[in-house]
Structure formats: structure tokens, C-alpha cells
Amino acid sequence: MTRAERRASLRLLGTLLKPFRWQLVGLSIVVVIAQMASVAGPAIIAWGIDNGIPALLEGNATPAIAASVAHIVAALVAGGLMYVFIRWNMTLGQTMLYGLRRRLFLHSQRLDMKFHESYASGRTVARQTSDMDALAQLLNSGLDIMVGSVLQMVFTMVLILTMDLPSGVVMAGLLVPATMLTVWFQKRSSVIYRQIQTNSARLISHFVETVSGIRAVKTYRRQQANGERYEQLAEDHRQSALRSIQLFGIYQPTLRWLSSITIAAVLMVGGFRVLGGELQVGVLIALVLYARRFFQPIDEIANFYNTFQSAVAALEKISGLLAEKPSVTDPEEPVELDEASGEIVFDDVSFRYQDELPLSLQPTSLHVPAGQTVAIVGSTGAGKSTIAKLMARFYDVTDGTITLDGINLKDLELDTLTKHIVMVTQESYLFSGSVAQNIAIGNPEASREEIRAAAAIIGADTFIDRLPEGFDTDVRAKGGRMSAGQRQLVSFARAFLADPTVLILDEATSSLDAPTEALVQEGLKELLGERTSFIIAHRLSTVMIADRVLVVEGGQIIEDGTPAELIEAGGQFAQLHQAWQDSLSDAEQY
Ligand SMILES: Nc1ncnc2c1ncn2[C@@H]1O[C@H](COP(=O)(O)OP(=O)(O)OP(=O)(O)O)[C@@H](O)[C@H]1O
């Protein structure tokens with residue numbers, strides 16, 4: 001991690017904590033008092049033994065009772081305040097995480113296609129899951145350990161030194177090997193900790209890739225190769241976990257052993273001093289109790305360093321994602337457009353996906369009057385989808401302008417643009433929820449009747465009614481699974497409900513059976529209606545209902561005319577048309 005990245009991640013941590021600074025101060029005060037009350041325990045016992053017992057022997061029980069009561073009160077205060085601390089701290093941590101999660105999600109959604117194509121979806125998932133977990137660990141235990149455990153050690157040391165300097169010196173002396181041991185542990189554990197994180201990320205991503213590509217896995221019989229790779233990754237993970245266990249196996253017992261030596265040393269040095277009359281028995285007991293406590297927080301602090309490191313790494317990745325700026329943004333002074341007729345004009349538009357890549361769309365000028373149905377055809381990689389995506393402003397043009405009713409698309413607010421121009425993509429994506437909810441995405445204010453009517457016009461109502469719960473069927477439930485053609489009809493109904501002025505449709509390539517094809521074709525006609533439409537067409541039947549055909553090749557429009565004109569001209573479209581017809585007549589023979 002570079003220094004700048006580290007600074008960026010600490011800055012993000014700062015912005016997370018800042019709104020809650022007074023609460024953090026309050027929490028620190030609570031934890032300080034709780035630690036003081038807890039550290040007071042042995043000192044009260046010492047006082048009770050040294051003053052209570054002699055008084056008891058003289059028949060006065062008051063000091064002994066006072067010491068017992070004080071000990072109970074101290075324990076109650078410490079326990080009660082720890083309860084307050086834990087609840088308050090957790091609530092605060094969850095509030096911060098909630099805010100960050102929300103911000104991250106909204107930001108990821110706002111980022112444009114360019115970003116999402118370069119940033120693997122698995123990485124976006126990791127930002128929301130494992131990175132958030134690492135941060136949650138820091139927020140949950142950070143204050144407790146940073147303030148609580150450190151203070152516990154400081155208070156204990158101060159008390160020991162003030163109670164008996166020689167015992168304090170003995171303990172401080174044994175702190176040296178304990179510190180060296182901890183530094184050794186810390187260095188090794190941070191390496192192993194990182195290995196475990198990397199290995200577990202590899203394991204998960206291999207698993208996710210296999211499951212999401214399960215069809216290809218089965219088709220190409222990749223099971224054995226994938227299984228072997230998974231076994232290797234799982235073995236790496238196991239080895240790194242074992243190394244971590246071994247390390248803990250050395251560190252913790254050695255630390256306990258050092259702690260026992262310290263207790264023994266304090267007992268011996270203190271014992272001789274009691275015999276010499278330089279120390280009271282009660283104080284010696286308190287010193288032994290303190291010596292035991294002193295080492296307790298050390299391994300917590302050592303472990304905390306790992307938590308802190310991984311939280312900083314997570315913050316770095318999260319702040320990196322938050323620093324990404326969408327290139328497709330709202331204009332500063334948007335032009336209002338309530339009603340549009342749907343005239344689209346490309347004025348010398350060219351486009352490349354990235355600076356270093358060649359143009360995917362050569363300089364192109366095009367005038368599409370309102371209401372025209374335009375079919376875009378061409379071979380794979382010709383640039384058809386590119387033209388469509390530029391109109392939907394998934395990307396901004398590199399040069400030239402695209403206008404809707406004479407207004408540059410860049411001058412329209414994105415919300416206004418999506419109201420007028422809707423692109424129905426090939427995948428016909430259905431979100432989890434009911435069929436009705438999926439259609440209503442086109443217009444969230446639509447009533448149930450309007451949703452039904454949209455489905456009926458498209459011709460989707462018959463099959464939806466046959467689903468187990470009709471329009472209320474959950475599309476992710478077993479009975480809600482739909483065929484490609486049915487999904488397409490649902491997405492048509494959704495677009496129909498959105499009622500855009502300009503519709504762009506990337507026709508699915510998968511071949512449908514004849515009755516479904518006819519159904520989809522009918523739905524499509526209804527959907528097109530009077531609006532301006534662009535269809536990336538893969539079926540002859542679709543091309544033939546278009547008013548105009550654009551043939552795209554190598555990022556250029558090479559033919560432009562009505563279907564009849566282009567067939568007549570005998571160019572590329574005529575060949576394509578012939579090929580389609582041949583395949584149709586071939587199909588009829590079977
Ligand atoms: N996201 C992208 N980043 C970089 N290059 C891209 C990207 N998408 C498409 N291209 C390139 O732009 C060119 C045009 O692609 P486009 O997707 O527009 O083709 P298409 O005609 O729609 O093809 P198909 O029918 O196969 O979908 C291709 O050379 C392709 O490699």
C-alpha cells in the first residue's frame with residue numbers, strides 16, 4: 001500500500017468517525033472509568049487484608065465490611081459500565097457501517113458501464129462483504145482494545161510501581177522478553193494472516209466461478225480439472241490455517257509461562273520483603289493479583305494489530321471504489337424535456353471504448369424522424385450494440401453529438417433521458433420478486449390493472465396466468481422459472497409500461513420455437529406502436545417489419561434504406577436476406 005493510499009484510507013476512517021466524535025469521547029470516558037473500577041479490585045483487597053484483619057482481631061468488623069462492600073461496588077460499576085460500553089459501541093459501529101454500506105451501494109450503482117466492465121463483479125462483492133467485515137471487527141473491538149486494554153496495562157503498572165517499587169522493577173524487567181516475544185509473534189502472524197486472507201479469497205472466487213459457469217463446466221466436462229484445482233486451493237488454505245495455529249501454539253503458552261514466572265518472581269521478591277517487614281501481606285497479595293492481570297491484554301493487543309491492518313487494507317479498497325468518478329454524469333444546467341416526439345440525430349458521432357482502443361464507431365451522421373422503426377443488422381462485432389448504447393447514454397460519445405428532439409443527450413438529466421429513451425437488453429433480466437413487480441419496474445406508480453393491461457397487450461398474460469400464483473409468482477421460485485421467450489415478453493411488458501418515446505431493443509439471438517416466435521413477434525409489434533424504435537435484429541421477421549434498415553460493418557453504416565430498397569440494391573443486406581430465406585426454406589423441409 002502506498003503512503004497516499006494509506007492516507008486516503010485513514011481519511012475515510014476519519015470521515016466515518018467524525019460525525020460521532022462526541023459519542024466516541026463519551027465511550028472513552030465510560031471505558032476509562034470501567035477500567036479504573038476493575039483495576040481497583042486488588043488494591044481494595046490489599047487494604048481489606050492489611051487493615052480489616054487487624055481490626056477484626058480487635059473486635060471491629062467495620063473496615064473488613066467496608067472493604068467487602070467497596071470490592072462489590074467496584075465490580076458492579078466495572079460490570080455495569082462494560083455493559084453500557086459494549087452496547088453503545090456496537091450500536092455506533094453498526095450505524096457507521098450502515099452509512100458506509102449504503103454509500104458504497106449507491107455509488108457502485110451510479111458508476112458507469114466503463115467502470116463496471118473493468119472492475120470484476122467479484123471485487124465489488126468483496127467490497128460489500130469481506131471488506132465490510134474487516135471494518136466491522138475494527139469498529140467493534142477497536143476502542144475496547146485501544147483504550148480499554150492499553151489503559152488496563154498502564155493503570156496496573158502505575159499501581160504496582162506506587163505500591164512497591166522493587167516488585168514494579170521485577171515486572172518491568174520481565175516485560176522485556178514478553179515484548180520481544182510479542183513483536184516476533186506479531187511479525188509472523190501478520191504474514192500468515194495475509195496468506196489466509198489471500199488463500200480464502202482464491203478459494204471463494206474459484207468456487208463462485210465454477211458455480212456461475214456450471215453449464216460450461218458440465219458441457220466441457222471440467223469437473224475433474226476444477227475439482228483438482230479446488231483441492232489444491234483448499235490445501236493451501238488448510239496449510240496457512242495450520243501455520244497460524246502453530247504460531248498461536250507457541251505464542252500463547254510462552255506468554256502464560258512468562259506471566260507465571262513474573263508471578264513467582266513477584267511472590268519471591270515480595271515474600272522476602274514481607275519477612276523483612278518492608279511490605280505488608282495484603283500489598284503482596286495485590287501485587288500477585290496485578291501481576292496475573294498485567295499480561296492478559298498483551299495478546300489481545302498483538303492480535304488487534306492484524307485486525308487494524310486488514311481494516312486499513314479494506315478501507316483502502318473501499319475508498320478506492322468511492323473515489324471512482326462516473327464519466328456519464330448529469331449536466332450542470334439541464335434542459336427540461338417533458339414531452340418528446342422522438343426525433344434522433346447523430347451528428348458526426350464517433351466513439352472508442354477506451355483511449356488506447358481504435359474507434360468502434362467511425363464518424364457517423366444519421367437522421368431518424370420521429371416514429372420510425374429502424375432495424376440495425378450486421379455481423380458480430382460490427383458495432384450494432386455500440387450505436388444502441390450510445391443512444392441510451394451507457395457511454396458518452398467521443399466526438400460529435402447525439403440529439404433527441406434537437407437537444408443534446410448530454411444536456412438532459414439522466415432521469416429525463418431514461419424517461420424518454422429505454423433500452424431493452426438481450427438478457428431480459430428479471431429481478432427477484434413477483435412477475436408483477438418485475439413489470440412495474442417500467443413504471444413504479446402503475447396500478448395492478450395497468451400492469452395487467454400492459455401484459456395483455458404484449459400477449460404475456462396467458463402464460464403469466466398459468467404460473468402457480470399468476471402475477472404474484474416469485475420469479476426466483478421453482479414454479480416461476482420462465483423460458484427465454486417468456487422472459488422476453490415480460491421485459492416487453494415492462495418497457496411498454498415505461499412508455500418511452502424512443503425504444504431501443506437488442507433482440508435475443510436464441511432461437512425460439514415457431515409458436516413462441518409468433519407470440520414474441522406480436523408482442524413486439526404492440527410494443528413498437530408509434531414510437532421511434534431501433535432494433536438490433538437477428539430475425540428476418542423483425543427486419544421485415546422495420547421502415548428502415550441500417551447495415552453496420554466495421555463501425556460504419558454501409559447501407560441505409562427500406563428493406564425492399566436494400567434487397568433491390570443487391571448489397572450486403574440482400575445477401576443476408578437471401579441467407580435467411582434459404583435457412584427458412586431448409587427448416588420447412590424438415
Ligand atoms: N466494453 C467494451 N470495451 C472495449 N471494446 C468493446 C466493448 N464492447 C464492444 N467492444 C468492441 O467494439 C466493437 C463493436 O462491438 P459491438 O458490441 O457494438 O458489436 P455488435 O455489432 O453489437 O456485435 P454482436 O452482434 O456480436 O453483439 C467490437 O470490436 C468489440 O470488440
Side-chain angles (χ1 to χ4, degrees), residues 108-124 216 324-329 344 346 348-366 368 373-400 402 409 421-429 484 487-488 491 502-512 517 520 524 533-544 546 548-560 563 566 571-573 575-577 579-580 583:
S108 310
Q109 267 198 145
R110 217 174 16 243
L111 286 170
D112 50 39
M113 294 304 294
K114 221 177 227 172
F115 168 82
H116 286 288
E117 277 160 3
S118 61
Y119 204 88
S121 57
R123 286 171 69 202
T124 327
E324 292 282 346
K325 297 257 178 298
S327 56
V328 175
T329 51
I344 293 276
F346 277 52
D348 214 14
V349 173
S350 60
F351 175 71
R352 63 178 91 242
Y353 280 94
Q354 269 156 31
D355 291 343
E356 62 275 15
L357 291 177
L359 286 177
S360 284
L361 183 65
Q362 302 295 335
T364 299
S365 292
L366 181 70
V368 177
T373 300
V374 181
I376 307 176
V377 299
S379 53
T380 280
K384 307 180 292 291
S385 308
T386 305
I387 294 177
K389 289 180 200 158
L390 288 175
M391 280 188 277
R393 230 189 137 200
F394 283 11
Y395 305 89
D396 271 337
V397 295
T398 309
D399 275 310
I402 303 179
L409 297 187
I421 304 181
V422 164
M423 178 158 172
V424 179
T425 54
Q426 236 181 51
E427 58 192 344
S428 303
Y429 192 82
R487 278 207 306 274
Q488 227 185 337
S491 70
V502 179
L503 179 87
I504 306 160
L505 191 121
D506 199 347
E507 193 180 48
T509 40
S510 59
S511 55
L512 303 175
E517 160 125 27
V520 169
L524 184 61
S533 325
F534 295 84
I535 313 170
I536 299 175
H538 296 283
R539 295 182 202 123
L540 180 59
S541 47
T542 310
V543 179
M544 296 318 277
R548 178 176 177 185
V549 177
L550 303 177
V551 181
V552 182
E553 230 23 273
Q556 292 188 50
I557 298 174
I558 55 164
E559 289 173 32
D560 179 357
L566 295 187
Q572 190 157 331
F573 180 72
Q575 286 175 20
L576 200 62
H577 179 257
W580 263 324
S583 68

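First listed ligand is number 1; within each ligand, the first listed atom is number 1. Throughout, numbering of the chain's residues begins at 1 and tracks the sequence.
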Note, [X] side chain near [Y] side chain (heavy atom, < 4.5 Å):
X	Y	answer
Asp112	Asp396	no
Val368	Arg548	yes
Gln572	Glu553	yes

Check your understanding: Closest approach of Val552 and Ala382, non-hydrogen atoms and distance?
Key ->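 Closest heavy-atom pair between Val552 and Ala382: O-CB, 3.3 Å.
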Check your understanding: Of Val551, Val377, Val549, which meets side-chain contact (heavy atoms from CB on, under 4.5 Å) against Leu576?
Key ->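 When side-chain contact (heavy atoms from CB on, under 4.5 Å) is applied between Leu576 and each of Val551, Val377, Val549, only Val377 qualifies.
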Practice item. Scan for side-chain hydrogen bond (donor to acceptor under 3.5 Å, both in side chains) pairs involving residues 349-364, sequence neighbours excluded, and state none if there are none. Key: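 Only Tyr353-Thr386 qualify under side-chain hydrogen bond (donor to acceptor under 3.5 Å, both in side chains).
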Review point. At a 4.0 angstrom heavy-atom cut-off, what protein residues surround ligand 1?
Key: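 These residues qualify: Glu117, Tyr353, Leu357, Ser360, Ser379, Thr380, Gly381, Ala382, Gly383, Lys384, Ser385, Thr386, Tyr395.
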